[in-house]
Engineer: 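Got a structure here, written out as structure tokens. Questions coming.
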Amino acid sequence: MIRIAIQSKGRLSEESLALLREAGIKIDELKRKFLARAADFPLEVLYLRDDDIPGVVAGGSADLGIVGYNEVAETGADVKIVRKMGFGACRLSLAIPKAQEYTGPSFFEGKTIATSYPNVLEGWLASNGVKAKIQKIMGSVEIAPAAGLADAIFDIVSSGGTLVSNGLKEVEAVLQSEAVLIAAKDLDAEKQAILEKLLFRIDAVMESGGKKYILMNLPTDKVSEAVKILPAMRSPTVMQLAAEGWCSLHSVVLESELWDKIERLKAIGAEGILVLHLDKVID
Ligand code: PRP
Ligand code: ZN
């Protein structure tokens, strides 16, 4: 049995659970209790506050965790980063009232900065040779300047909406973050084996992200041209159609290249093009 800590509520919890679900691991989400067992995989989920996850994994009370890299950096917890998860992208940034002119890092000299991330901020201040006062607050950081608690804030920015609605502007992006899968150092052999199994599934889910399954009818004499457009995983599948001189070509294509490739395929005579959702990809 392996134990994974995930955020009980907040920006990463839904996507963390969705990833496990897509990896075929079912957790009863209706009973989101402190600890929940998966139905068909040797795994249990521990629901925690995001800031507690790195420490709990480093201390060995959980074997794995899905958490924002920002929390790993802030706590300095001694854990292994096993995978970047490709969701939960955000950054830790300095922001100041919109009306003020930003003159560079020295702007913060002697100022008070409100944050829930004092350690990361301290590092940035030190490496820029700036002395400022750090006011640690655990929530509603964005209202600190208007409330007269601070001159500036250092907080998570994702869409930037929170800054705008509080009359603030981002002036320094200090740390880029996304969700990461972390693991305790020195997992025993049994847990390591379960982790490998889990990673195999997670990789298949992530590998399918941003990819589509594409199939089309194509004049048989155009196959070699089509293969150049669609290299696929090894090479595309070609099947004979009942109609003389035509075949069906199947492949996998990156979503970002989808429309460009469809145009080029149409130009060489492809028709009846179907684009399908891809669930898992095992390389
Ligand atoms: C963070 C941060 C801001 C908001 C920024 O809070 O403290 O309030 O997200 O996001 P935006 O740029 O998309 O507006 P979060 O939702 O993570 O909650 P928390 O402060 O309780 O951790
Ligand atoms: Zn938080």
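Order of appearance sets the numbers: ligands from 1, and atoms from 1 within every ligand. As the structure is a prediction and not an experimental result, all values here were calculated from the model.
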Engineer: Counting only heavy atoms closer than 4.0 Å, does ligand 1 sit against the backbone of D155, its side chain, both, or neither?
Structural biologist: side chain
Engineer: So among V82, I66, V72, L64, which one has a side chain to side chain contact (heavy atoms under 4.5 Å, CB included) with I182?
Structural biologist: V72
Engineer: Parallel under 30°, tilted from 30 to 60°, perpendicular over 60°: which one fits the rings of Y102 and F108?
Structural biologist: tilted
Engineer: Check for me whether G10 has a heavy atom closer than 4.0 Å to any atom of ligand 1.
Structural biologist: no
Engineer: So if I count the atoms of ligand 1 from 1 in the order they appear, which ones are less than 4.0 Å from some heavy atom of V157?
Structural biologist: 12 (O)
Engineer: Kindly identify the option in V164, T162, N70 whose heavy atom sits closest to atom 14 (O) of ligand 1.
Structural biologist: T162
Engineer: If every non-hydrogen atom of L187 is compared with every non-hydrogen atom of A184, which pair is closest and at what distance?
Structural biologist: CG-O, 3.7 Å
Engineer: Any N or O of S158 that comes nearer than 3.5 Å to an N or O of ligand 1?
Structural biologist: yes
Engineer: Report the distance from atom CG of L12 to atom CD of E71, rounding to the nearest 0.5 Å.
Structural biologist: 9.0 Å
Engineer: For ligand 1, which atoms have a heavy atom of G161 less than 4.0 angstrom away?
Structural biologist: 12 (O), 14 (O)
Engineer: Which ligand 1 atoms, with their elements, are less than 4.0 angstrom from a heavy-atom of G160?
Structural biologist: 11 (P), 12 (O), 13 (O)
Engineer: Looking at E207 and K211, is any side-chain nitrogen of the basic one under 4.0 Å from a carboxylate oxygen of the acidic one?
Structural biologist: yes
Engineer: Restricting to non-hydrogen atoms, name the atom on L46 and the atom on S61 that form the minimum distance, rounded to 0.1 Å.
Structural biologist: CD2-O, 4.5 Å
Engineer: So if I count the atoms of ligand 1 from 1 in the order they appear, which ones are less than 4.0 Å from some heavy atom of S159?
Structural biologist: 11 (P), 12 (O), 13 (O), 14 (O)
Engineer: Name the option, out of E142, Q7, R11, that contains the heavy atom nearest to atom 10 (O) of ligand 1.
Structural biologist: R11
Engineer: Roughly how far, to the nearest 0.5 Å, is the CZ atom of R21 from the CD atom of E14?
Structural biologist: 8.0 Å
